[in-house]
Amino acid sequence: MKIVSIVGARPQFIKAAVLSRALKQDHTEILVHTGQHYDDNMSAVFFEQLGITTPEYHLGIGSAPHGKQTGEMLAAIESVLQEENPDWVLVYGDTNSTLAGALAAAKLHINVAHVEAGLRSFNRRMPEEINRVLTDHISTLLLCPSQPAVDNLRTEGITRGVHIVGDVMHDALLWGLNNNPNRTEDVLSQYGLHEKRYLLLTIHRAENADNPQRLGAIIQALNGVEEHVLWPIHPRTQNKMQAYGFQTPDHIRMIEPVGYFEALTLLAHSRRLLTDSGGMQKEAYWLKVPCITLRDETEWVETVDVGWNILVGASPQVITQAIHHWQPAEDHPNIYGDGKAAGKIVKLLELKG
Ligand code: UD1
Ligand code: UDP
């Protein structure tokens with residue numbers, strides 16, 4: 001089998017790493033990097049740490065408004081697919097790279113397999129929601145992490161090719177924990193932190209970063225806490241902080257985005273995560289770190305349902321209350337599979353190819 005995998009953004013490198021390893025055992029994988037993320041700490045570091053092979057194609061598209069970025073990816077991926085003529089195109093998640101890959105393949109009648117199919121926020125103002133809905137509707141194989149995703153697809157009339165495989169980010173996390181070369185004490189002491197005595201913060205959703213009221217309200221809430229807050233800041237948010245002229249007090253420490261191993265260590269030993277990241281809501285759950293989600297809705301509804309994730313939006317009072325008083329549930333059931341999603345995905349590709 002010949003598979004073209006499309007990646008472009010930070011979380012996709014992490015997801016693709018595990019699947020690439022499994023695919024390459026018996027099949028040919030052609031890796032395409034769209035170039036959506038390009039800073040070393042948003043791209044190269046993950047290739048190094050996760051041992052991802054150099055992409056066969058680097059499209060170098062870079063940042064641009066949605067239409068231009070997605071359009072340029074579409075044209076460039078189409079050329080790659082015409083050249084390679086694969087059995088499958090594999091796309092991950094919900095970024096512009098995902099949609100461009102799926103659309104280019106579907107128009108050439110090449111089967112699309114979508115990893116993380118069926119996730120919905122039911123908020124069509126989110127660019128990611130448009131990307132996921134469209135990608136699911138043109139995919140042949142819909143690889144869902146859990147039952148609610150299957151239910152969402154059924155509601156939209158999609159029932160063929162739908163499978164629950166668990167979550168590849170769980171596979172990645174287990175690999176990351178086993179292969180992390182860093183000593184926890186070294187990572188924490190580098191930032192002057194102590195085990196379970198700091199908050200980890202990440203923000204990158206357009207709805208927060210691009211909205212000065214929301215971003216300002218989140219920072220206002222954190223200004224008032226006495227704990228250390230470590231904030232590996234995404235370039236989108238870094239640019240907006242400068243544009244809005246926002247500053248933070250000393251207890252909120254902004255650092256450059258960190259590599260995957262550092263991210264896992266910093267998360268695992270934090271007291272709480274505050275985030276609008278999709279992937280980190282799940283990682284917090286697996287690592288048993290209570291997650292405070294700075295959004296009004298989430299696609300990862302199970303983490304909220306089981307009592308380990310709380311949606312606080314961007315209200316300073318609600319955020320402060322959650323930081324100080326909210327307690328997660330005692331139970332910690334298994335909600336996104338057994339960390340063996342990659343093997344299941346390869347078998348399905350072989351079966352349906
Ligand atoms: C994208 C995805 C989002 C995903 C996130 C993961 C879309 C619509 N959004 O959001 O779903 O959760 O990646 O991190 O696909 N920038 C740099 N250097 C980089 C990359 C980006 O400086 O290496 C800056 C640029 O100013 C760019 C901005 O960040 O305009 C936003 O980047 P973009 O890829 O458009 O969206 P993300 O916010 O990263
Ligand atoms: N991550 C990282 N370094 C950071 C912040 C996040 O390695 O500075 C990892 C994080 O552990 C998770 C993934 O990047 O595995 C999540 O990516 P992001 O939040 O950018 O995207 P999303 O999951 O929201 O699409």
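We count ligands from 1, going down the list as the structure has it; atoms in each ligand are counted the same way.
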Undergrad: Can you classify the ring geometry of Y285 versus W308 as parallel (below 30°), tilted (30 to 60°) or perpendicular (above 60°)?
TA: perpendicular
Undergrad: As an exercise, identify every atom of ligand 1 less than 4.0 angstrom from a heavy atom of H204.
TA: 4 (C), 5 (C), 6 (C), 12 (O), 38 (O)
Undergrad: Under 3.5 Å, is there a donor-acceptor pair linking the side chains of S121 and E297?
TA: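 Not at all, the side chains of S121 and E297 share no donor-acceptor pair under 3.5 Å.
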Undergrad: Check the side chains of N123 and E129 for a donor-acceptor pair under 3.5 angstrom, ignoring hydrogens and angles.
TA: no
Undergrad: Looking only at side-chain N and O atoms, does T293 offer a donor or acceptor that is under 3.5 Å from a partner on T298?
TA: no
Undergrad: Is a side-chain donor-acceptor pair under 3.5 Å present for H27 with E350?
TA: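 Short answer, yes.
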Undergrad: I need the nearest protein heavy-atom contact for atom 18 (N) of ligand 1: residue, atom name and distance, please.
TA: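 Residue, atom and distance for the closest contact: D39 OD2, 2.9 Å.
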Undergrad: Taking atom types as modelled, find out whether E262 and Q49 have a side-chain donor-acceptor pair closer than 3.5 angstrom.
TA: yes
Undergrad: So which protein heavy atom does atom 17 (C) of ligand 1 come closest to, and at what separation?
TA: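 Nearest neighbour among protein heavy atoms for atom 17 (C) of ligand 1, to 0.1 Å: Y38 OH, 3.2 Å.
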Undergrad: So which of H37, R236, R132 gets nearest to atom 14 (O) of ligand 1, if we judge by its closest heavy atom?
TA: H37
Undergrad: Evaluate H66 for polar contact with ligand 1, using N/O atom pairs at a separation under 3.5 Å.
TA: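 Such a contact does not occur with ligand 1.
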Undergrad: Mark up the atoms of ligand 1 that fall under 4.0 Å of a heavy atom belonging to D94, in ascending order.
TA: 11 (O)
Undergrad: Which heavy atom of the protein is the closest neighbour of atom 34 (O) of ligand 1, given with residue, atom name and distance?
TA: Q36 NE2, 3.0 Å
Undergrad: Is the closest basic N to carboxylate O distance between D210 and R205 below 4.0 Å?
TA: no
Undergrad: Do E72 and K68 sit within salt-bridge range, that is, some charged N less than 4.0 Å from a carboxylate O?
TA: yes
Undergrad: Closer than 4.0 Å to some heavy atom of E128 - which atoms of ligand 1 meet that?
TA: 3 (C), 9 (N), 11 (O)
Undergrad: Which residue and atom name correspond to the protein heavy atom nearest atom 27 (C) of ligand 1, and how close is it?
TA: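 Ranked first by proximity to atom 27 (C) of ligand 1 is S63 OG, 3.2 Å.
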Undergrad: With sequence neighbours excluded, tell me which residues meet salt bridge (charged side-chain N to carboxylate O under 4.0 Å, His left out) with D136.
TA: R120
Undergrad: Tell me which part of M42 gets within contact of ligand 1: side chain, backbone, both or neither, using heavy atoms under 4.0 Å.
TA: side chain
Undergrad: Please verify whether a non-hydrogen atom of H234 lies at under 4.0 Å from ligand 1.
TA: yes
Undergrad: We want to know whether Y92 and E116 form a side-chain donor-acceptor pair, criterion being a heavy-atom distance below 3.5 angstrom.
TA: no
Undergrad: Heavy-atom distance to atom 2 (C) of ligand 1: which of D40, T70, T95 wins?
TA: T95
Undergrad: Looking only at side-chain N and O atoms, does N131 offer a donor or acceptor that is under 3.5 Å from a partner on T98?
TA: no
Undergrad: Does the side chain of Y57 come under 3.5 Å of the side chain of E84 through a donor N or O and an acceptor N or O?
TA: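 On atom types as modelled, these side chains qualify, holding a pair under 3.5 Å.
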Undergrad: Return the closest protein heavy atom for atom 24 (C) of ligand 1 as residue, atom name and distance.
TA: P235 CB, 3.9 Å
Undergrad: With a 4.0 Å heavy-atom cut-off (strictly under), which part of N239 contacts ligand 1: side chain, backbone, both or neither?
TA: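 Within the 4.0 Å criterion, N239 contacts ligand 1 through side-chain atoms alone.
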Undergrad: May I ask you to identify, for P11, whether its side chain, its backbone, both or neither come under 4.0 Å of ligand 1 on a heavy-atom basis?
TA: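 The side chain, only.
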Undergrad: Any luck finding a side-chain donor-acceptor pair between H251 and E226 under 3.5 Å?
TA: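 There is no such pair between these side chains.
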Undergrad: For ligand 2, what is the set of protein residues having any non-hydrogen atom at a distance below 4.0 Å?
TA: R10, P11, I14, F46, M169, H204, R205, P232, P257, V258, G259, Y260, A263, S277, G278, G279, M280, E283
